[in-house]
Number of protein chains: 2
Amino acid sequence: MDPHELIRIAEKTDQLEALPGQALFYEGDPARSFFTIRKGVVRLVRAFPDGRRSIVGFLHGGDFFGGGFGRSAYAATAEAVTPLEYCRISVSDLQLLTKEHPSLARQMSAMAADRLYAADDHIVLLARKTAQEKVAAFLLASSEWAGQADQFDLPMARSDIADYLGLTIETVSRTLTKLTEMGVIALPTPQHVSLLNRLDLRALARPEAESLDG
Amino acid sequence: MDPHELIRIAEKTDQLEALPGQALFYEGDPARSFFTIRKGVVRLVRAFPDGRRSIVGFLHGGDFFGGGFGRSAYAATAEAVTPLEYCRISVSDLQLLTKEHPSLARQMSAMAADRLYAADDHIVLLARKTAQEKVAAFLLASSEWAGQADQFDLPMARSDIADYLGLTIETVSRTLTKLTEMGVIALPTPQHVSLLNRLDLRALARPEAESLDG
DNA sequence: CGCTTCTTTGAGCGGACTCAAAAGCAGTGG
DNA sequence: CCACTGCTTTTGAGTCCGCTCAAAGAAGCG
């Protein structure tokens, strides 16, 4: 649960940077390394030859990922969304470190479990939520990434949000405009979000919005 | 990679059965056990108070799951789809066994990795595929579960398929009818599928259907 | 200042949904 | 054996949400 040890160890490894749009690795590449993000945001992308694209997740400072988690190949392409500072450690080196620090193994499986839990949430969102619920949920998640702030930046483009939510950029834009007109958010600039009514936004975000008392 | 050792160990533990519809555990329950399926099919369900439901995965004979993979609570409810024979082992017992058999830990992370990879596939399917592509992909996956057979049973109801693919039962039914009319499958009974043209079905299943030569 | 890229807005369409009913099937009891 | 009941699946008709196509702002950059 404490990524600091991971980061401390990772600090003994490659310190790297990447510019927006640069790939850290590609889907299908042999999964030779693990990564932690020091600063910035990464997207995990699955793309098709016909242009259809799906973002299976966003990763933020402190997040630990890569290595295929036991698989021999990466499951998706990792691309920098913002200017990025990150660490890289080879799978074999990390395996050695795991023997010295057994807690590392537990942390790794905890990370995998978190990604699995997030993936299930994502599946429910894609399968059963409306565009408005999707965008509201995304804004709340973005707020959490910013430390529950009521004002924060969306580091990614509308196209990234659309590919994450299974929508088009037009629908994302229209929905944001609608939420603005409803008074639950404000958009001083396209990238800057201000939550005006967190409770209403939360109610809009989930199907299970009704009372939970039995 | 070899679940047989897991099963052999699990055979020393609780041998249980369940009838269709019975829950093995519920979403949110403390994740005290791991499970392996001996015979039958299980669905992993996320449900909302308003009736919306999403099936995040199906599990088959030999599959290993549960325990929250490091989390303290189960991420979804596990329900028997068919009459079920399965094994249960407590997380603590399995941790003890892990110390005797280090390969177990690797197998567990491999299982988690497989679920993660499957989850990413599922995300892409839900986010970017049409109803026809979804149903075609589901039929191909079902064929794989049946050992690449051209004829096999769908153990689950249309409602399960719909909740897995993010569709309604009507759309699932209509799409199956359409595939039948196209001549790529036959449905002797609603539960029994016969693949008449695997290549066409594969072409219908994926967006990346065009040629891959660069 | 002109170019490119991103975002927003508009108009119209269509695929999947909703609502509704019929058809098929399994079990049950007369 | 057959009517009756309940459940699942299929089929039909019509609607709407989100998509497509198109164009007009904004914003960044050389």
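Here the structure is a predicted model, which means the values were calculated and not measured.
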query: Is Arg53(B) salt-bridged to Asp160(B), cutoff N-O under 4.0 Å?
result: yes

Shortest non-hydrogen contact between Val91(A) and Ala31(A), atoms and distance: CG2-O, 3.5 Å

- prompt: Less than 4.5 Å apart, any side-chain heavy atom of Leu44(A) and any of Arg115(A)?
  reply: yes

- prompt: Taking atom C1' of dC17(D) as reference, at what distance in whole Å does atom CZ of Arg128(A) sit?
  reply: 15 Å

- prompt: Can you pull the contact range of chain A along DNA chain C, 5' to 3', using atoms under 4.0 angstrom from its heavy atoms?
  reply: dT7(C) to dA11(C)

task: Describe, in one word, how the ring planes of Phe65(A) and Phe25(A) are oriented to each other, choosing from parallel (under 30°), tilted (30 to 60°) and perpendicular (over 60°).
output: tilted

query: Within the pair Arg174(B) and dT11(D), is there a side-chain N or O less than 4.0 Å away from OP1 or OP2?
result: no

statement: Between Gln148(A) and Arg198(A) the two heavy atoms that sit nearest each other are OE1-NH2, 2.9 Å

statement: Nearest heavy-atom contact between Leu204(B) and Glu133(B) is O-CG, 3.1 Å

- prompt: Rounded to the Å, how far apart are Arg158(A) CZ and dA27(D) C1'?
  reply: 13 Å

- request: Return the orientation label for the Tyr164(A) and Phe58(A) ring planes: parallel under 30°, perpendicular over 60°, tilted otherwise.
  value: tilted

query: Does Thr171(A) place a side-chain N or O at less than 4.0 Å from the phosphate oxygens OP1/OP2 of dC19(D)?
result: yes

- prompt: How would you label the contact of Thr189(B) with the nucleic acid (heavy atoms, under 4.0 Å): base, sugar-phosphate, or nothing?
  reply: nothing

statement: Taking for Pro188(A) and for Glu181(B) the nucleotide of DNA chain D with the nearest heavy atom, the one nearer the 5' end belongs to Glu181(B)

message: Can you confirm whether Arg32(B) is buried at CZ, in the sense that more than 12 heavy atoms of other residues, nucleotides or ligands lie under 6.0 Å from that atom?
response: no

message: Below 4.0 angstrom, which residues in residues 161-170 of chain B have at least one non-hydrogen atom near DNA chain D?
response: Glu170(B)

- request: Identify whether NZ of Lys or CZ of Arg in Arg158(A) sits under 6.0 Å from the centre of the six-membered ring of Phe138(A) and within 45° of that ring's axis.
  value: no

- prompt: What nucleic acid atoms does Gln191(B) come within less than 4.0 Å of, heavy atoms only: base, sugar-phosphate, or nothing?
  reply: sugar-phosphate

- line: Separation of dT10(D) atom C1' from Lys178(B) atom NZ, nearest Å, is 16 Å

- request: Write down the distance between CD (Glu133(A)) and C1' (dC17(D)), rounded to a whole number of angstrom.
  value: 13 Å

query: Just how far, in rounded Å, is C1' of dA26(D) from CG of Leu176(A)?
result: 16 Å

